[in-house]
Amino acid sequence: MTMIRMSNIHKYFGKLQVLKGVSLEVNKGEIISIIGPSGSGKSTLLRCMNQLEKIDQGIVEIEGIVVEAAGDKEAKIVATPQEVKKAYRKMGMVFQSFNLFPHMTALGNVIEAPMLVNKASKDDALKIAEKQLAKVGLLEKKDAFPSKLSGGQKQRVAIARALAMNPDIMLFDEPTSALDPELIGEVLSVIKNLAQEHMTMLIVTHEMGFAKEISDRVIFMDDGKILEDSNPIDFFDSPRHPRIKTFLEKML
(Lines give C-alpha, C1' and ligand atoms only; values in the text may rest on other atoms or scores of the structure.)
Protein backbone atom coordinates (compact mmCIF):
# COMPACT_ATOMS: atom_id res chain seq x y z
CA MET A 1 0.00 0.00 0.00
CA THR A 2 1.29 3.46 -0.90
CA MET A 3 1.26 5.67 2.20
CA ILE A 4 2.70 8.85 0.65
CA ARG A 5 3.02 9.87 -2.97
CA MET A 6 4.66 13.17 -3.88
CA SER A 7 4.63 14.07 -7.56
CA ASN A 8 6.77 16.77 -9.21
CA ILE A 9 7.09 18.90 -6.07
CA HIS A 10 8.47 22.41 -6.49
CA LYS A 11 9.04 24.76 -3.57
CA TYR A 12 10.38 28.32 -3.55
CA PHE A 13 11.36 30.64 -0.73
CA GLY A 14 11.21 33.96 -2.53
CA LYS A 15 13.36 33.55 -5.63
CA LEU A 16 15.28 30.61 -4.16
CA GLN A 17 14.03 27.26 -5.48
CA VAL A 18 14.54 24.68 -2.73
CA LEU A 19 12.75 21.68 -4.29
CA LYS A 20 13.05 21.10 -8.04
CA GLY A 21 10.52 18.58 -9.28
CA VAL A 22 10.89 15.96 -6.53
CA SER A 23 8.82 12.78 -6.82
CA LEU A 24 8.71 10.12 -4.12
CA GLU A 25 6.58 7.14 -3.09
CA VAL A 26 6.59 5.63 0.39
CA ASN A 27 5.03 2.23 0.97
CA LYS A 28 3.50 0.89 4.16
CA GLY A 29 6.11 -0.27 6.66
CA GLU A 30 9.05 1.23 4.77
CA ILE A 31 11.85 2.98 6.61
CA ILE A 32 13.49 5.59 4.42
CA SER A 33 16.53 7.63 5.40
CA ILE A 34 17.01 10.94 3.60
CA ILE A 35 20.59 12.17 3.58
CA GLY A 36 22.54 14.87 1.83
CA PRO A 37 24.41 18.11 2.46
CA SER A 38 22.93 21.04 4.37
CA GLY A 39 20.62 23.12 2.20
CA SER A 40 19.79 20.26 -0.16
CA GLY A 41 16.04 20.37 0.59
CA LYS A 42 15.73 17.39 2.94
CA SER A 43 13.88 19.13 5.77
CA THR A 44 11.78 21.16 3.35
CA LEU A 45 10.64 17.92 1.70
CA LEU A 46 9.37 16.59 5.04
CA ARG A 47 7.70 19.89 5.86
CA CYS A 48 5.91 19.84 2.49
CA MET A 49 4.60 16.35 3.28
CA ASN A 50 2.65 17.51 6.29
CA GLN A 51 1.75 21.02 5.10
CA LEU A 52 4.10 22.90 7.41
CA GLU A 53 5.21 24.39 4.07
CA LYS A 54 2.88 24.99 1.14
CA ILE A 55 4.10 23.58 -2.18
CA ASP A 56 4.27 25.84 -5.24
CA GLN A 57 3.73 23.04 -7.74
CA GLY A 58 2.96 19.34 -7.58
CA ILE A 59 0.67 16.87 -5.84
CA VAL A 60 0.82 15.37 -2.34
CA GLU A 61 -1.21 12.25 -1.55
CA ILE A 62 -1.54 10.52 1.81
CA GLU A 63 -3.02 7.02 1.74
CA GLY A 64 -4.68 7.75 -1.60
CA ILE A 65 -6.14 11.12 -0.56
CA VAL A 66 -4.93 14.13 -2.55
CA VAL A 67 -4.23 16.55 0.30
CA GLU A 68 -2.49 19.26 -1.69
CA ALA A 69 -2.28 20.15 -5.37
CA ALA A 70 -0.70 23.25 -6.82
CA GLY A 71 0.22 24.61 -10.22
CA ASP A 72 -1.41 21.79 -12.17
CA LYS A 73 -4.84 22.28 -13.71
CA GLU A 74 -5.31 18.51 -13.98
CA ALA A 75 -4.87 17.99 -10.24
CA LYS A 76 -7.97 18.57 -8.18
CA ILE A 77 -8.41 18.00 -4.47
CA VAL A 78 -11.60 15.96 -4.52
CA ALA A 79 -11.42 15.11 -0.82
CA THR A 80 -13.45 17.15 1.65
CA PRO A 81 -11.59 19.42 4.10
CA GLN A 82 -12.49 16.92 6.84
CA GLU A 83 -10.91 14.05 4.85
CA VAL A 84 -7.77 16.12 4.25
CA LYS A 85 -7.51 16.96 7.95
CA LYS A 86 -8.00 13.29 8.87
CA ALA A 87 -5.25 12.27 6.42
CA TYR A 88 -2.78 14.71 7.96
CA ARG A 89 -3.56 13.36 11.43
CA LYS A 90 -2.12 10.03 10.29
CA MET A 91 1.30 11.66 10.23
CA GLY A 92 3.44 12.36 13.29
CA MET A 93 6.51 14.60 13.18
CA VAL A 94 9.54 14.92 15.44
CA PHE A 95 11.70 18.02 15.05
CA GLN A 96 15.38 18.56 15.82
CA SER A 97 14.56 21.21 18.44
CA PHE A 98 12.06 19.15 20.55
CA ASN A 99 9.37 21.94 20.64
CA LEU A 100 8.10 20.90 24.08
CA PHE A 101 5.93 23.25 26.14
CA PRO A 102 8.28 24.41 28.94
CA HIS A 103 5.43 25.07 31.40
CA MET A 104 4.10 21.50 31.13
CA THR A 105 5.47 18.26 32.55
CA ALA A 106 6.48 15.42 30.25
CA LEU A 107 3.04 13.90 30.84
CA GLY A 108 1.32 17.23 30.19
CA ASN A 109 3.15 17.60 26.88
CA VAL A 110 2.01 14.15 25.74
CA ILE A 111 -1.66 14.36 26.78
CA GLU A 112 -2.25 17.75 25.15
CA ALA A 113 -2.86 16.69 21.53
CA PRO A 114 -5.00 13.59 22.21
CA MET A 115 -7.32 15.76 24.31
CA LEU A 116 -7.41 18.85 22.08
CA VAL A 117 -7.27 17.25 18.64
CA ASN A 118 -8.71 13.75 19.14
CA LYS A 119 -11.12 14.86 21.89
CA ALA A 120 -9.97 12.04 24.17
CA SER A 121 -11.10 12.19 27.80
CA LYS A 122 -8.41 13.09 30.32
CA ASP A 123 -8.42 9.54 31.71
CA ASP A 124 -7.96 8.04 28.24
CA ALA A 125 -5.29 10.61 27.35
CA LEU A 126 -3.39 9.79 30.56
CA LYS A 127 -3.44 6.07 29.72
CA ILE A 128 -2.19 6.78 26.19
CA ALA A 129 0.52 9.13 27.46
CA GLU A 130 1.80 6.76 30.13
CA LYS A 131 1.92 3.93 27.60
CA GLN A 132 3.97 6.01 25.15
CA LEU A 133 6.29 7.41 27.83
CA ALA A 134 6.92 3.82 28.95
CA LYS A 135 7.65 2.87 25.33
CA VAL A 136 10.41 5.51 25.14
CA GLY A 137 11.72 4.57 28.60
CA LEU A 138 10.61 7.71 30.43
CA LEU A 139 7.57 6.79 32.51
CA GLU A 140 9.51 7.59 35.71
CA LYS A 141 10.09 11.13 34.36
CA LYS A 142 6.40 11.82 33.65
CA ASP A 143 6.18 14.59 36.28
CA ALA A 144 9.44 16.30 35.26
CA PHE A 145 9.43 19.61 33.41
CA PRO A 146 11.55 19.96 30.24
CA SER A 147 14.10 22.12 32.08
CA LYS A 148 14.91 19.09 34.25
CA LEU A 149 15.38 16.71 31.31
CA SER A 150 18.46 16.06 29.21
CA GLY A 151 18.36 16.71 25.48
CA GLY A 152 17.94 13.02 24.77
CA GLN A 153 15.09 12.77 27.26
CA LYS A 154 13.37 15.81 25.74
CA GLN A 155 13.58 14.23 22.30
CA ARG A 156 12.15 10.97 23.61
CA VAL A 157 9.23 12.89 25.14
CA ALA A 158 8.73 14.53 21.74
CA ILE A 159 8.61 11.07 20.13
CA ALA A 160 6.09 9.89 22.75
CA ARG A 161 4.00 12.99 22.05
CA ALA A 162 3.90 12.18 18.32
CA LEU A 163 3.09 8.51 18.98
CA ALA A 164 0.23 9.46 21.31
CA MET A 165 -1.72 10.56 18.23
CA ASN A 166 -1.54 6.97 16.90
CA PRO A 167 0.01 7.93 13.54
CA ASP A 168 0.43 5.59 10.57
CA ILE A 169 3.52 7.50 9.42
CA MET A 170 6.35 9.09 11.42
CA LEU A 171 8.57 11.87 10.08
CA PHE A 172 11.86 12.61 11.84
CA ASP A 173 13.68 15.81 10.91
CA GLU A 174 17.30 15.35 12.05
CA PRO A 175 16.13 14.06 15.47
CA THR A 176 19.68 13.85 16.89
CA SER A 177 21.34 16.95 15.45
CA ALA A 178 20.71 19.09 18.56
CA LEU A 179 22.03 16.43 20.95
CA ASP A 180 25.39 15.94 22.61
CA PRO A 181 27.14 12.88 21.12
CA GLU A 182 26.65 10.72 24.22
CA LEU A 183 22.87 11.25 24.08
CA ILE A 184 22.36 10.31 20.44
CA GLY A 185 22.23 6.57 21.07
CA GLU A 186 19.21 6.68 23.37
CA VAL A 187 17.12 8.45 20.72
CA LEU A 188 18.29 6.19 17.89
CA SER A 189 17.43 3.18 20.05
CA VAL A 190 13.81 4.34 20.33
CA ILE A 191 13.61 4.79 16.56
CA LYS A 192 15.09 1.31 16.03
CA ASN A 193 12.37 -0.14 18.27
CA LEU A 194 9.73 1.57 16.12
CA ALA A 195 11.39 0.07 13.04
CA GLN A 196 11.01 -3.39 14.57
CA GLU A 197 7.27 -2.67 14.85
CA HIS A 198 7.25 -1.88 11.09
CA MET A 199 6.19 1.73 11.57
CA THR A 200 6.34 3.64 8.28
CA MET A 201 9.10 6.21 8.79
CA LEU A 202 11.02 8.89 6.92
CA ILE A 203 14.15 10.04 8.72
CA VAL A 204 16.33 12.98 7.74
CA THR A 205 19.65 12.13 9.36
CA HIS A 206 23.40 12.66 9.32
CA GLU A 207 23.98 9.36 11.16
CA MET A 208 25.35 7.24 8.32
CA GLY A 209 25.81 4.02 10.30
CA PHE A 210 22.27 4.27 11.62
CA ALA A 211 20.88 4.91 8.12
CA LYS A 212 22.73 1.87 6.76
CA GLU A 213 21.50 -0.37 9.58
CA ILE A 214 17.85 0.63 9.78
CA SER A 215 16.76 1.68 6.28
CA ASP A 216 14.89 -0.18 3.58
CA ARG A 217 15.81 2.66 1.22
CA VAL A 218 18.27 5.53 1.33
CA ILE A 219 17.52 8.72 -0.58
CA PHE A 220 20.28 11.21 -1.36
CA MET A 221 19.28 14.81 -2.04
CA ASP A 222 21.41 17.61 -3.39
CA ASP A 223 20.43 21.03 -4.73
CA GLY A 224 16.70 20.34 -4.40
CA LYS A 225 16.71 17.04 -6.31
CA ILE A 226 16.85 13.34 -5.51
CA LEU A 227 20.10 12.03 -6.99
CA GLU A 228 19.76 8.45 -5.78
CA ASP A 229 17.08 6.23 -4.24
CA SER A 230 18.37 2.73 -3.54
CA ASN A 231 18.79 0.04 -0.92
CA PRO A 232 21.40 0.78 1.78
CA ILE A 233 23.92 -1.84 0.64
CA ASP A 234 24.07 -0.48 -2.90
CA PHE A 235 23.98 3.10 -1.69
CA PHE A 236 26.88 2.86 0.75
CA ASP A 237 29.00 0.22 -1.01
CA SER A 238 28.58 1.23 -4.64
CA PRO A 239 26.91 4.64 -5.05
CA ARG A 240 26.14 5.48 -8.66
CA HIS A 241 26.54 9.24 -8.56
CA PRO A 242 29.99 10.87 -8.13
CA ARG A 243 28.46 13.55 -5.87
CA ILE A 244 27.41 10.83 -3.43
CA LYS A 245 30.89 9.26 -3.43
CA THR A 246 32.37 12.63 -2.49
CA PHE A 247 29.77 13.15 0.24
CA LEU A 248 30.30 9.71 1.77
CA GLU A 249 34.08 10.07 1.76
CA LYS A 250 33.69 13.16 3.93
CA MET A 251 31.05 11.64 6.22
CA LEU A 252 32.44 8.15 6.80
Side-chain angles (χ1 to χ4, degrees), residues 11 13 16 18-19 22 24 26 30-50 52-53 91-102 106 109-110 135-138 141 146-163 167 169-195 199-229 232 235-236 243-244 246-252:
K11 174 64 184 174
F13 292 111
L16 177 65
V18 182
L19 296 176
V22 173
L24 172 66
V26 181
E30 274 194 312
I31 297 146
I32 299 176
S33 290
I34 306 173
I35 67 176
S38 296
S40 58
K42 308 181 300 295
S43 294
T44 301
L45 183 66
L46 284 198
R47 293 173 70 85
C48 287
M49 280 181 195
N50 68 356
L52 288 174
E53 300 288 353
M91 203 177 279
M93 185 153 181
V94 176
F95 303 87
Q96 53 184 298
S97 55
F98 322 133
N99 291 359
L100 299 180
F101 295 114
N109 269 279
V110 180
K135 179 179 271 192
V136 301
L138 284 177
K141 295 285 187 180
S147 61
K148 300 298 183 185
L149 300 174
S150 71
Q153 289 169 336
K154 289 177 190 174
Q155 193 59 293
R156 286 190 280 155
V157 172
I159 294 171
R161 179 178 60 185
L163 292 173
I169 305 155
M170 283 287 285
L171 309 179
F172 293 89
D173 186 11
E174 299 190 37
T176 61
S177 66
L179 302 179
D180 293 331
E182 68 268 22
L183 301 176
I184 289 173
E186 65 188 65
V187 173
L188 296 184
S189 177
V190 170
I191 299 173
K192 286 179 186 176
N193 289 340
L194 292 176
M199 169 70 78
T200 307
M201 294 191 283
L202 287 101
I203 308 162
V204 172
T205 184
H206 292 294
E207 302 293 328
M208 296 298 111
F210 172 73
K212 186 173 184 178
E213 176 187 352
I214 198 174
S215 306
D216 297 304
R217 287 158 57 198
V218 178
I219 287 171
F220 184 86
M221 290 188 69
D222 191 28
D223 191 30
K225 299 175 183 175
I226 292 175
L227 296 190
E228 186 160 344
D229 178 351
F235 180 87
F236 286 102
R243 176 69 183 90
I244 300 169
T246 306
F247 178 84
L248 290 176
E249 283 168 5
K250 291 179 180 176
M251 295 295 290
L252 295 174

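Note that the numbering runs from 1 along the sequence shown for the chain. These values consider heavy atoms only, across backbone and side chains, with no hydrogens, waters or symmetry-generated copies.
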Where is the tightest heavy-atom contact between [X] and [Y], given as atom of each residue plus distance?
X    : Y    : value
A106 : K141 : CB-O, 3.5 Å
F98  : A158 : O-CB, 3.8 Å
P102 : P146 : O-CD, 3.7 Å
M93  : N50  : SD-ND2, 3.0 Å
P232 : A211 : CB-O, 4.4 Å
L19  : C48  : CD1-SG, 4.0 Å

Side-chain heavy-atom pair [X], [Y] within 4.5 angstrom cut-off:
X    : Y    : value
F210 : I203 : yes
L24  : L202 : yes
E213 : K192 : yes
E53  : V18  : no
Q155 : F172 : no
K42  : H206 : yes
I35  : T205 : yes
I191 : M170 : no

- Message: Can you tell me which residue among I219, I34, V204 is in a side-chain contact (heavy atoms from CB on, under 4.5 Å) with L45?
- Response: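 When side-chain contact (heavy atoms from CB on, under 4.5 Å) is applied between L45 and each of I219, I34, V204, only I34 qualifies.
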- Test side-chain contact (heavy atoms from CB on, under 4.5 Å) applied to S150 and D180, L183, L179, the passing residue: L183
[X]: side chain to side chain donor-acceptor pair (under 3.5 Å) partners, not counting sequence neighbours:
X    : result
R156 : E186
N99  : S97
D229 : R217

- Query: With a distance cut-off below 6.0 Å to the six-membered ring centre and an angular limit of 45° from the axis, does K250 pair with F247 as a cation-pi contact?
  - Reply: no
- Task: Show your working on side chain to side chain contact (heavy atoms under 4.5 Å, CB included) between L194 and I31 and close with a plain yes or no.
- Result: CA-CA 10 Å; L194 292 176; I31 297 146; over 6 Å; no
- Message: Checking the side chain of D173 only, and the main-chain atoms of F95 only, is there a donor and an acceptor separated by less than 3.5 Å?
- Response: no
Rounded to the nearest 0.5 Å, how far apart are [atom1] of [X] and [atom2] of [Y]?
X    : Y    : atom1 : atom2 : answer
E30  : T200 : CD    : OG1   : 8.0 Å
L163 : R161 : CG    : CZ    : 11.5 Å
K212 : S33  : NZ    : OG    : 13.0 Å
N109 : K154 : CG    : NZ    : 11.0 Å

- Message: V110 vs V157, test: side chain to side chain contact (heavy atoms under 4.5 Å, CB included). Steps then yes/no.
- Response: CA-CA 7 Å; V110 180; V157 172; 4.1 Å; yes
- Query: Between R243 and E228, does at least one N-O distance fall below 4.0 Å, as a salt bridge requires?
  - Reply: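 No salt bridge links R243 with E228.
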